[in-house]
Amino acid sequence: MAAIVWFKRDLRVVDHPALTYAAARGDVLALYIVEPELWAQSDASGRQWAFVLESLRELHVALKRLGVALCVRVGDAVDVLEDLRVRHKITEVVAHEEIGNGWTYARDLRVGAWARGTGVQFTELPQTGVVRRLTSRNGWAGLRDRFMSQDVLPAPVGLRGIAAVSDPMPDLGLVDPCPDRQKGGRSEGLALLDSFLSLRGEHYQRQMSTPLQGAVACSRISPHLAWGTLSAREAEAAGAARKRTAVGGWKGSLRAFESRLAWRDHFMQKLEDEPAIEYRAMHPAYQGLREDDPTLRRAWERGETGLPFLDACMRSLAATGWLNFRMRSMVMAVASYHLWLDRRHTGAHLARQFTDYEPGIHWSQVQMQSGTTGINTPRIYNPIKQGHDQDPTGTFTRRWLPELAAVPDALLQEPWKWEGAAKLAYPAPVVDVPAAARAARDRIWAIRRDAGHAPAAARVIERHASRQDSARRFVNDRSPRKRGGDSRQMSLDL
């Protein structure tokens, strides 16, 4: 038989269930489709495409060593697949289940309809702990762990390749300066994983929350997991092997790393179970809650809100394509609560900024941090306090806001209180932080006190909330917490 292996967010040959499956059944045509319409979506960016291009170059070399050429085609997936089916007598298309955005979900439905209409077998296999067609979250952790505990698949040998002509690589017109972006390619991912497990990760558990230390102490493999140059199963297996010899601070850090890999699947499962959470609030009472204010939103996007630590985080993200999890939570929360901006607009901007954009994690977290799930206690970060707590020396803030060089350390996070503030080339705060927080809190809790809130929240809990597992990795979020309670936000600093 002749099968297409359709590479998407799985740009590797090791631990690639789809490639292994197809190799055992017959001739293989390795295919990557550049879909211009996908890259024109509001969550796509040039930094992501640059990472993919670098990863495709390494994938091409890896496949060539196995005896298969990577065919790159440009266009609509159904049109490309139909052309290859006719030219090469293709009988099966094999791909991994994609937990992508709404556009890729609709595209895969179209591909499925095309396959049924032409008699082609369309086989989709899991590559993560996410479970398709899950009927209940009860017992999900066990299903996830069974998949992750399976052996890492080696690159298949003895491949019989089908040669197909590639299209020239297109210019997608994605202008996106990101000077300190992480580089793509499997070799980069493997080097990061190795340096994290052998050296950088010792103080991961303690340092992950700060923007400066986290940039080093976190594994930084998140873009490689998102675009599939590494598999999550590889990362978990490597972490487990390292944990067997861990001593001192390594023990807690490796447990934290393992836990965050599990949480990664937990959040991706939410989008798999309800693709509409990309654009529709989990709890219907919050749909349409906020409006877009283009002026405020642009100030937030550019790091020009007059709130130094927030602005430093947004400028750092623009230049590097990465933030640690606590800062991701803060910038989303401030946009949603203090600035009262619609999460769909701010969420799309952050998606474009993240080189490691993973739709399942991203849109689930956008809802969690903007308070639209109805089941998580609203966490309204104070950006001034976060600056003092997470950047006590001011090093991070000063690095990204050089216009505050003259401001004394004691007033760095509140420069408007400095006697020389009028001379600064830096804006006044766009909001009064305490007043904006109070107003947001009152509006959110007015909704939560409504009699109709609890039944809808119970349905969200049943569908999406984590359950305790034997490894005690998950917070029990099966019931909304009372006002003022501990929100117990988890962290995904990979």
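Residues passing the salt bridge (Lys or Arg N to Asp or Glu O under 4.0 Å) test with K423, sequence neighbours excluded: none. For R181, the salt bridge (Lys or Arg N to Asp or Glu O under 4.0 Å) partners are E54, not counting sequence neighbours. Here D180 pairs with nothing under the salt bridge (Lys or Arg N to Asp or Glu O under 4.0 Å) rule; sequence neighbours left out. In this structure, the salt bridge (Lys or Arg N to Asp or Glu O under 4.0 Å) partners of E403, at least two apart in sequence or on a different chain, are R315. Checked against ring pair (Phe, Tyr, Trp, His ring centres under 6.0 Å), F354 has the following partners two or more places apart in sequence or in another chain: H362.
Between F196 and F257, the two ring planes are tilted [angle within 30° to 60°]. Relative orientation of the H96 and H16 rings is tilted, given thresholds of 30° and 60° on the angle between their planes.
Both tests do not hold together for R344 against Y279: distance to the six-membered ring centre under 6.0 Å, angle to the ring axis within 45°. A cation-pi contact, defined as under 6.0 Å to the ring centre and within 45° of the axis, is absent between R297 and W300. For the pair R12 and F7, the NZ or CZ position fails the cation-pi test of under 6.0 Å to the six-membered ring centre and within 45 degrees of the ring normal.
Between E236 and the options R264, R144, R260, K243, a salt bridge (Lys or Arg N to Asp or Glu O under 4.0 Å) holds for only R144. None of H464, Q269, H266 except one satisfies the side chain to side chain donor-acceptor pair (under 3.5 Å) rule with R137; the exception is H266.
The closest side-chain donor-acceptor pair between R200 and S195 falls under 3.5 angstrom. Side-chain polar atoms of S336 and Q369 form no donor-acceptor pair below 3.5 angstrom. Side-chain polar atoms of T373 and Q367 form no donor-acceptor pair below 3.5 angstrom. Looking only at atom types and distance, the side chain of Q127 has no donor-acceptor partner in the side chain of S231 under 3.5 Å away. Side chains of R220 and Q182: a donor on one and an acceptor on the other come within 3.5 Å.
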Check your understanding: Does the pair W418 and L424 meet the rule for a side-chain contact (heavy atoms from CB on, under 4.5 Å), with working shown?
Key -> CA-CA 10 Å; W418 182 46; L424 293 174; 3.8 Å; yes
Check your understanding: When you look at K8 and D108, which way does the salt bridge (charged side-chain N to carboxylate O under 4.0 Å, His left out) test go after all the steps?
Key -> CA-CA 11 Å; K8 293 188 276 186; D108 284 350; 3.4 Å; yes
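Listed by first then second residue, pairs satisfying side-chain hydrogen bond (donor to acceptor under 3.5 Å, both in side chains) with a partner in residues 245-255 read R242-T245, not counting sequence neighbours.
Under the 4.0 Å criterion applied to side-chain N and carboxylate O atoms, D265 and R233 are not assigned as salt-bridge partners.
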